[in-house]
Student: 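Before we start, here is the structure in question, set down as structure tokens.
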Amino acid sequence: MPADFVPAMRRALELARRGEGLVEPNPQVGAVVVDGHGQIVGEGCHERFGGPHAEVMALAAAGAAARGATLLVTLEPCCHHGKTPPCTDAVIAAGISRVVVATRDPFPAVNGSGIAALEAAGIPVETGLMAPEAERLIAPFRTLLTAGRPWVIAKWAMSLDGRIATATGESQWISGEASRGAVHRLRGRMDAILIGIGTALADDPLLTARPAGLRRALRIVVDSAARLPPTSRLVQTAPEIPLLVAVGPDAPAQRTNHLESLGCLVWRGSEADRGLRLRELLHHLGQQRLTNLLVEGGNGVLGSFCDLKFVDEAWAFVAPKLIGGAAAPAPLGGQGHPRLADAPRIAVEELASLDGDVLIRGTVIHGEGRVTEATTTS
Ligand code: AOF
Ligand code: ZN
């Protein structure tokens, strides 16, 4: 594959990211049309759920210049009638002479058939240019499709010595304002935000994005015995901002009924085991096609998610403070990994300096996996 297509594919990936928070549960997709001189003559992306696909936008921008040109697209063009007609038909009609695809669409109705349809029409297709980057871009989409659950982002703020609170339970605030601003921006593109009942009781949080973001997340409290107080800010705001209380099979009906009467959604898991119930909850969220779930703590819930290998991405805000104290909690409770060899690693994707705090963000690798290079910003 000619190496000179790399900048154009990088551009397509950059365009795709414009759809972040706007296209889910669809994948983020970008496309560019390149003429015989290597010039970009049209570009586009999937801008919003239900809207035109990236190829259609790029072809429209290129107009007549698309004839005989090369189309670069971060995801295999679709060949099915969804909310929009097949992109393969648009590519063929535009007279594109060659297609370069970064990665295949895992969606069962496409998954190789889009490439086959183009080839059947006599258009050569090359696949795999910048595939790791394109795969990373659609990782939440792939997780939802193949695992049937949302992509899980674990977030915590800790001191340099790894404490998320003091021994007496004080935690507001460990990280600075800039870090907290980054969390609000992250919240603003989530489909759901989850905490455990311990954190709900201790912090009385709202779990909203302030200022509001591109989407409004469903707020979820994992609360086996339905102990969430009706006077909590979460319950008080439930009529306006959806709140799901995820309870266990034995939660008293009197309490769940009361929560429902106050506007909460109650989901009653059938599994007695907490871990199995978390899995059940994740699949319930997957059935509603929620793509991104942010888990904000406390350490019991974060530890359980990690033990069950449900954490896909981690955002650790490290504040230059020393809290100390044997009783001061660490971010992850649960069972943990007794053997160091079994401990998942983080493929660090971002190291950012936020007014003195350090954000370490990356994807979680279970077993052997590829570790990408971090980008450093400040
Ligand atoms: C493409 N280009 O830009 C995107 C694709 O409901 P629809 O019609 O929007 O179709 C959604 C499906 O199409 C989605 O599940 C994925 O397989 C594919 N997305 N395909 O050719 C695009 N966004
Ligand atoms: Zn399409």
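Just follow the structure's listing: the first ligand is 1, and inside any ligand the first atom is 1. Keep in mind that what you see is a predicted model, and the values were worked out from it rather than measured. Heavy atoms only: backbone and side chains are in, while hydrogens, waters and symmetry mates are out.
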Student: Could you work out, for atom 2 (N) of ligand 1, the closest of Q28, H80, E55, R48 by heavy-atom distance?
Tutor: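 Minimum heavy-atom distance to atom 2 (N) of ligand 1 goes to E55.
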Student: When you look at CD of E271, are more than 12 heavy atoms from neighbouring residues, nucleotides or ligands closer to it than 6.0 Å?
Tutor: yes
Student: Within less than 4.0 angstrom of ligand 1, does F141 place any heavy atom?
Tutor: yes
Student: What are the atoms of ligand 1, with element, lying closer than 4.0 Å to any heavy atom of P77?
Tutor: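 Listed by number with element, the hits are 21 (O).
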Student: From R277 CZ over to R268 CZ, what is the distance, rounded to the nearest 0.5 angstrom?
Tutor: 10.0 Å
Student: What protein heavy atom is closest to atom 9 (O) of ligand 1, reported as residue, atom name and distance in Å?
Tutor: H53 NE2, 2.9 Å
Student: Is a side-chain N or O of K321 found less than 3.5 angstrom from the main chain of I174, in a donor-acceptor match?
Tutor: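 Confirmed, K321 side chain pairs with I174 backbone.
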Student: Go through L244 and L281 one step at a time and tell me if the side chain to side chain contact (heavy atoms under 4.5 Å, CB included) criterion holds.
Tutor: CA-CA 11 Å; L244 180 78; L281 174 62; 4.2 Å; yes
Student: Under 4.0 Å from a heavy atom of G82: give me the atoms of ligand 1 that qualify, with their elements.
Tutor: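 Result: 8 (O).
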Student: If we only count N/O pairs under 3.5 Å, is A54 in contact with ligand 1?
Tutor: yes
Student: Checking S171 against D203 for the side chain to side chain contact (heavy atoms under 4.5 Å, CB included) test, could you report, in this order, the C-alpha distance in whole Å, the side-chain angles of both residues, the deciding distance, and whether it holds?
Tutor: CA-CA 9 Å; S171 64; D203 295 352; 4.0 Å; yes
Student: Tell me which protein heavy atom sits closest to atom 8 (O) of ligand 1, plus the residue, atom name and distance to 0.1 Å.
Tutor: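 Sorting protein heavy atoms by distance from atom 8 (O) of ligand 1 puts K83 N, 2.6 Å first.
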Student: Out of all atoms in ligand 1, which are within 4.0 Å of some heavy atom of V29? Include the element for each.
Tutor: 3 (O), 4 (C), 22 (C), 23 (N)
Student: To check you understand the geometry: which heavy-atom pair defines the closest contact between R215 and V23, and what is its length?
Tutor: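 Distance-wise, the nearest heavy atoms are NH1-N, 4.5 Å.
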Student: Minimum heavy-atom separation for M190 and I153, please, with both atom names.
Tutor: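 Result for this residue pair: CE-CD1, 3.8 Å.
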Student: How wide is the angle at the Zn ion (ligand 2) spanned by C78 SG and C87 SG, rounded to 10 degrees?
Tutor: 120°
Student: Which atoms from ligand 1 have a heavy atom of T84 less than 4.0 Å away?
Tutor: 8 (O)
Student: If you look at H53, which of its N/O/S atoms is nearest to the Zn ion (ligand 2)?
Tutor: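 Checking each N, O and S atom of H53, the shortest distance to the Zn ion (ligand 2) belongs to ND1.
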Student: Can you tell me which residue and heavy atom of the protein come closest to atom 23 (N) of ligand 1, and the distance to 0.1 Å?
Tutor: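 Sorting protein heavy atoms by distance from atom 23 (N) of ligand 1 puts H46 CD2, 3.2 Å first.
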Student: Does ligand 1 have an atom under 4.0 Å from some heavy atom of E76?
Tutor: yes
Student: If you count the atoms of ligand 1 from 1 in the order shown, which ones are under 4.0 Å from a heavy atom of C87?
Tutor: 21 (O)
Student: Quick one: which ligand 1 atoms are inside 4.0 Å of a heavy atom on N26?
Tutor: 9 (O), 11 (C), 14 (C), 15 (O)
Student: Heavy-atom distance to atom 19 (N) of ligand 1: which of P27, A16, C78 wins?
Tutor: P27
Student: Under a 3.5 Å distance rule, please check whether H366 uses its side chain to pair with a backbone N or O of F310 as donor and acceptor.
Tutor: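 Answer holds: no.
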Student: What I want to find out is whether R219 reaches E296 closely enough, with some N-O distance under 4.0 Å, to be called a salt bridge.
Tutor: no
Student: In sequence, state the C-alpha distance, the side-chain angles, and the governing distance for S270 and E280, and then conclude on side chain to side chain donor-acceptor pair (under 3.5 Å).
Tutor: CA-CA 8 Å; S270 61; E280 196 185 0; 2.7 Å; yes
Student: For atom 17 (O) of ligand 1, what is the closest protein heavy atom, and at what distance to 0.1 Å?
Tutor: D105 OD2, 2.5 Å
Student: Looking only at heavy atoms of M57, does any of them come nearer than 4.0 Å to an atom of ligand 1?
Tutor: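 No, M57 has no heavy atoms under 4.0 Å from ligand 1.
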Student: Applying salt bridge (Lys or Arg N to Asp or Glu O under 4.0 Å) between D312 and each of R149, R361, R142, report the one that passes.
Tutor: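 Single pass found, and it is R149.
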